[in-house]
Number of protein chains: 2
Amino acid sequence: MRYAYNVYEDRCPTRMVLDRLADKWALLILDRLEDGPVRFNHLRRDIKGISQKVLSQTLKKLERDGLVTRTVYPTVPVTVEYALTPLGRALGETAAALTHWAEHNMDAILAAQAAYDAALAER
Amino acid sequence: MRYAYNVYEDRCPTRMVLDRLADKWALLILDRLEDGPVRFNHLRRDIKGISQKVLSQTLKKLERDGLVTRTVYPTVPVTVEYALTPLGRALGETAAALTHWAEHNMDAILAAQAAYDAALAER
DNA sequence: CGGCATCCCCTTGGATACTG
DNA sequence: CAGTATCCAAGGGGATGCCG
């Protein structure tokens, strides 16, 4: 076994964490925060296609996991900034490897899909 | 922008790939196949908690993406082996970084969750 | 053994409206 | 601005049964 925990076991702690991390929106948010704090509606606008409900939920989970901080400024109207914690920053860098891999190998994957679909249609 | 494509845009190819990769089961399957080919029911038994329907669907997606090969041996009853392609192996290694990160930082995350929940209950 | 088909539930997430 | 609350539709995924 290569891991301290058996990641194939149900209910192993690593899986819990993996569950949280294997989230498209979480990865995108983490990535978007790498350049510094961002306000709620700014995130909402930048990350196209996310609803405010899902953004809110995802941010809350990330905050609970200690990956993101939520800072409220008592302006009128109120301003809320989200920023990476050191932990979140470290994860963001790890996750960026995945995003970069996706980008570099996208062509190969798209080609494989086309070939697969063509072979299917032929039958 | 750090990426060739704007990953925050809806409908960008990188997001399509990321969508597929941000899948707990896919990551676990990729990881499980790193030591060599595995048969369907063997995978099903090893990866606790996955249903055969979801396993089947996930494997089909991975095959379509060119990450996994499916080989049928005409025994009776039939034997089917799944194995990583070079592309799949490369992704598996990248994904392993995520899994390892999860394992190494799990304690910090669990502690953050406990602190968050405690602060909530107190109010 | 390795699936696919069917049924069915129940969660996820979108749309909308409202509040501090 | 930054959410929460409510409603509702779609589909993801479990359970079961059947087949090559």
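Just so we're on the same page: letters track the sequence lines, and every chain starts at 1. Any value given below was found using the heavy atoms of this structure, including those in side chains, with hydrogens, waters and symmetry copies removed.
Counting only residues at least two apart or in different chains, side-chain hydrogen bond (donor to acceptor under 3.5 Å, both in side chains) contacts with residues 86-99 of chain A are absent. Applying the salt bridge (Lys or Arg N to Asp or Glu O under 4.0 Å) test to every pair with at least one member in residues 45-55 of chain A, sequence neighbours left out, gives these pairs: A/Arg32-A/Asp46, A/Lys48-B/Glu9. Residues in residues 107-118 of chain B take part in these side-chain hydrogen bond (donor to acceptor under 3.5 Å, both in side chains) pairs, two or more places apart or across chains: A/Arg64-B/Asp117, A/Asp65-B/Gln113.
Along DNA chain D, read 5' to 3', the first and last nucleotides having any atom under 4.0 Å from a heavy atom of chain A are D/dC1 to D/dC7.
Under the rule for a side-chain contact (heavy atoms from CB on, under 4.5 Å), the partners of A/Ala90 that lie at least two apart in sequence or sit in another chain are B/Trp101. In this structure B/Ala26 satisfies the side-chain contact (heavy atoms from CB on, under 4.5 Å) test together with B/Asp23, B/Thr58, B/Leu62, sequence neighbours excluded. Residues satisfying the side-chain contact (heavy atoms from CB on, under 4.5 Å) criterion with A/Ser56, sequence neighbours excluded, are A/Phe40. With sequence neighbours excluded, no residue satisfies side-chain contact (heavy atoms from CB on, under 4.5 Å) with A/Ala115.
A heavy atom closer than 4.0 Å to some atom of DNA chain D occurs in A/Arg39, A/Phe40, A/Asn41, these being the qualifying members of residues 37-47 of chain A. Listed by residue number, A/Val78 are the residues of residues 57-79 of chain A with a heavy-atom contact under 4.0 Å to DNA chain C.
Judged by distance alone, the side chain of A/His42 and the main-chain N or O of A/Val38 form no donor-acceptor pair under 3.5 Å. In this structure, the side chain of B/Arg70 does not engage the main chain of B/Glu63 through any donor-acceptor pair within 3.5 Å.
The structure places CG of B/Leu84 at 8.0 Å from OG1 of B/Thr69, a figure rounded to the nearest 0.5 Å. Interatomic distance, CD of B/Glu103 versus CG of A/Leu18, reported as 10.5 Å (0.5 Å rounding). Rounding to the nearest 0.5 Å gives a distance of 14.0 Å between CG of B/Leu30 and OH of B/Tyr82. Atom CG of A/Leu67 sits about 6.0 Å away from atom CG of A/Leu91, to the nearest 0.5 Å. Annotation: the span from B/Leu98 atom CG to B/Asp31 atom CG amounts to 11.5 Å, rounded to 0.5 Å. Atom-to-atom distance recorded for A/Leu33:CG and A/Glu81:CD is 10.0 Å, nearest 0.5 angstrom.
If one axis is set at each end of the helix from C/dC1-D/dG20 to C/dG20-D/dC1 from five pairs, those axes are 50° apart, to 10°.
Contact between the side-chain N/O atoms of B/Tyr82 and the OP1/OP2 oxygens of C/dG3 is found at a separation under 4.0 Å.
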Could you run down the sub-3.5 Å N/O contacts of the protein with nucleotides 6-10 of chain C?
none

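Spacing between atom CH2 of A/Trp25 and atom C1' of C/dG13 amounts to 11 Å, rounded to whole angstrom units.
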